[in-house]
Amino acid sequence: MTICGATRHAIIVGLAVYGASFIDAGSANAQGKLEARYSVTLGGVSFGQGTWTIDVGADQYTAAVSGTTVGLVRIFASGQGSSAVRGTVSNGQPIVSSYASTIQTDKKYDEVRMILSGGAVKDAVAETPTAPNPDRVPVPDAHRRGVTDPMTGAIIRAPGSGDTFTPETCHRKVAIFDGRMRYDLTLQFKRLDKVKAEKGYQGTVVVCSVYFSPVAGHVPDRPVIKYLSDLRDAEVWFAPIAGTRLMVPYRASIPTPFGAGVLQATQFVSVPNPQRASANGIRSQ
């Protein structure tokens with residue numbers, strides 16, 4: 001496995017899709033906004049940096065993330081990427097309607113666009129197309145239903161209406177389709193911890209173990225698939241978006257052959273959104 005193979009895929013899968021959806025119904029009027037900045041290190045060496053914004057309204061939500069390689073890594077391989085998602089909010093549950101992602105490196109350009117409705121993929125375009133391989137597990141229509149996209153899949157909702165920092169926040173299994181591959185992420189409670197961003201959030205986080213299970217669209221014998229499937233030490237730390245019961249990754253870590261890959265928030269600023277009129281003309285209370 002090379003840095004452009006297992007490590008790159010581990011970072012992309014482990015950091016871009018950490019989290020879960022299956023967001024439980026709750027307060028339909030919870031609204032908030034997050035502006036966060038992250039650093040990425042690999043084996044203690046600066047690897048990348050990125051930003052993430054999320055805006056949750058009464059009946060709509062949007063999210064966007066962008067990142068780029070930094071430091072000495074750029075000498076060997078430079079890259080940048082961005083993703084954006086838009087959807088509706090029904091009974092406190094974000095429901096994705098459109099997803100787009102691009103990743104560009106020195107040697108490759110990758111773009112995915114998807115349209116979803118009610119958890120079902122209605123249209124998906126991937127450029128460049130997946131290379132034909134007789135060993136690749138096909139993705140039937142059944143595996144394109146009951147799924148979420150990787151961006152929405154990085155948002156969880158604390159269940160119930162009480163304390164958000166509970167073991168139950170982690171207990172979930174998520175079905176994700178990224179435009180090419182269908183996989184499950186299973187979260188299990190690990191512990192509670194404390195964090196203090198350079199700017200923004202200070203307080204409790206819920207730490208969850210994360211387990212990756214490929215379902216379709218993959219080649220089972222690929223080393224990176226076997227490596228990610230066998231991982232038992234990956235974890236993600238969830239912090240809240242103010243004004244909501246939604247939580248997103250503050251920190252994520254995944255072991256790689258080159259040392260730990262760590263995504264860490266340096267800025268995590270979230271505020272409740274003012275109560276705004278919903279699309280049907282009724283103002284949220």
Side-chain angles (χ1 to χ4, degrees), residues 3-19 33-55 61-86 96 98-114 126-127 148-155 176 178-181 185 195 197-201 210 212 224 228 234-239 241 247-256 258-270:
I3 192 168
C4 291
T7 300
R8 185 187 66 191
H9 284 82
I11 293 294
I12 291 174
V13 172
L15 304 185
V17 305
Y18 263 146
K33 186 173 184 179
L34 171 71
E35 294 184 358
R37 295 182 180 273
Y38 295 86
S39 65
V40 181
T41 58
L42 181 62
V45 177
S46 183
F47 187 90
Q49 61 185 15
T51 62
W52 193 4
T53 61
I54 301 174
D55 192 343
Y61 79 101
T62 60
V65 62
S66 63
T68 183
T69 53
V70 298
L72 292 176
V73 174
R74 294 182 64 87
I75 298 176
F76 304 99
S78 63
Q80 57 186 7
S82 63
S83 297
V85 67
R86 180 180 297 275
V96 58
S98 66
Y99 168 82
S101 175
T102 61
I103 299 175
Q104 184 169 4
T105 68
D106 294 336
K107 299 181 179 180
K108 184 178 180 180
Y109 178 81
D110 182 277
E111 180 177 4
V112 171
R113 301 185 302 276
M114 293 194 298
E127 300 289 351
T148 189
D149 67 281
M151 178 78 75
T152 305
I155 306 171
I176 293 180
D178 65 7
R180 289 189 172 90
M181 187 167 66
L185 293 178
V195 298
E198 295 176 10
K199 181 180 180 181
Y201 186 70
V210 183
F212 170 85
V224 65
L228 291 173
E235 63 180 34
V236 59
W237 304 24
F238 286 98
I241 300 178
M247 305 179 79
V248 299
Y250 177 93
R251 173 187 167 94
S253 64
I254 180 171
T256 82
F258 304 94
V262 177
L263 172 79
Q264 174 79 45
T266 56
Q267 172 180 313
F268 197 94
V269 179
S270 66

Roughly how far apart are [X] [atom1] and [Y] [atom2], rounded to 0.5 Å?
X	Y	atom1	atom2	answer
Glu127	Arg113	CD	CZ	6.5 Å
Asp149	Ser101	CG	OG	10.0 Å
Leu185	Phe212	CG	CZ	7.5 Å
Thr256	Phe47	OG1	CZ	9.0 Å
Leu34	Ile241	CG	CD1	5.5 Å
Glu111	Ile103	CD	CD1	11.0 Å

What closest approach, in Å, do [X] and [Y] show between heavy atoms, and which atom pair accounts for it?
X	Y	answer
Ala126	Gly179	CB-O, 4.4 Å
Pro150	Asp178	CG-CB, 3.7 Å
Ala63	Ile54	CB-CG1, 4.0 Å

Non-hydrogen side-chain atoms of Asp55 and Tyr61 separated by less than 4.5 Å: no
Side chain to side chain contact (heavy atoms under 4.5 Å, CB included) evaluation trace for Ile254 with Leu228: CA-CA 9 Å; Ile254 180 171; Leu228 291 173; 3.9 Å; yes
Derivation and outcome, side chain to side chain contact (heavy atoms under 4.5 Å, CB included), residues Arg251 and Leu263: CA-CA 5 Å; Arg251 173 187 167 94; Leu263 172 79; over 6 Å; no
Thr41 versus Ser46, side-chain donor and acceptor atoms under 3.5 Å: no
Gly79 backbone acceptor or donor facing Thr68 side chain under 3.5 Å: yes
Sub-6.0 Å ring centroid separation between Phe238 and Tyr250: no
Stepwise side chain to side chain donor-acceptor pair (under 3.5 Å) test for Thr51 and Ser66: CA-CA 6 Å; Thr51 62; Ser66 63; 3.1 Å; yes
Evaluation steps, side chain to side chain donor-acceptor pair (under 3.5 Å), between Thr152 and Tyr99: CA-CA 9 Å; Thr152 305; Tyr99 168 82; over 6 Å; no
Verdict with supporting geometry, Thr266 and Tyr38, side chain to side chain contact (heavy atoms under 4.5 Å, CB included): CA-CA 6 Å; Thr266 56; Tyr38 295 86; over 6 Å; no
Enclosure of Arg86 CZ (heavy-atom neighbours >12, cutoff 6.0 Å): no
Derivation and outcome, side chain to side chain contact (heavy atoms under 4.5 Å, CB included), residues Met247 and Ile155: CA-CA 6 Å; Met247 305 179 79; Ile155 306 171; over 6 Å; no
Residue from Arg37, Met151, Gln267 passing side chain to side chain contact (heavy atoms under 4.5 Å, CB included) with Trp52: Met151
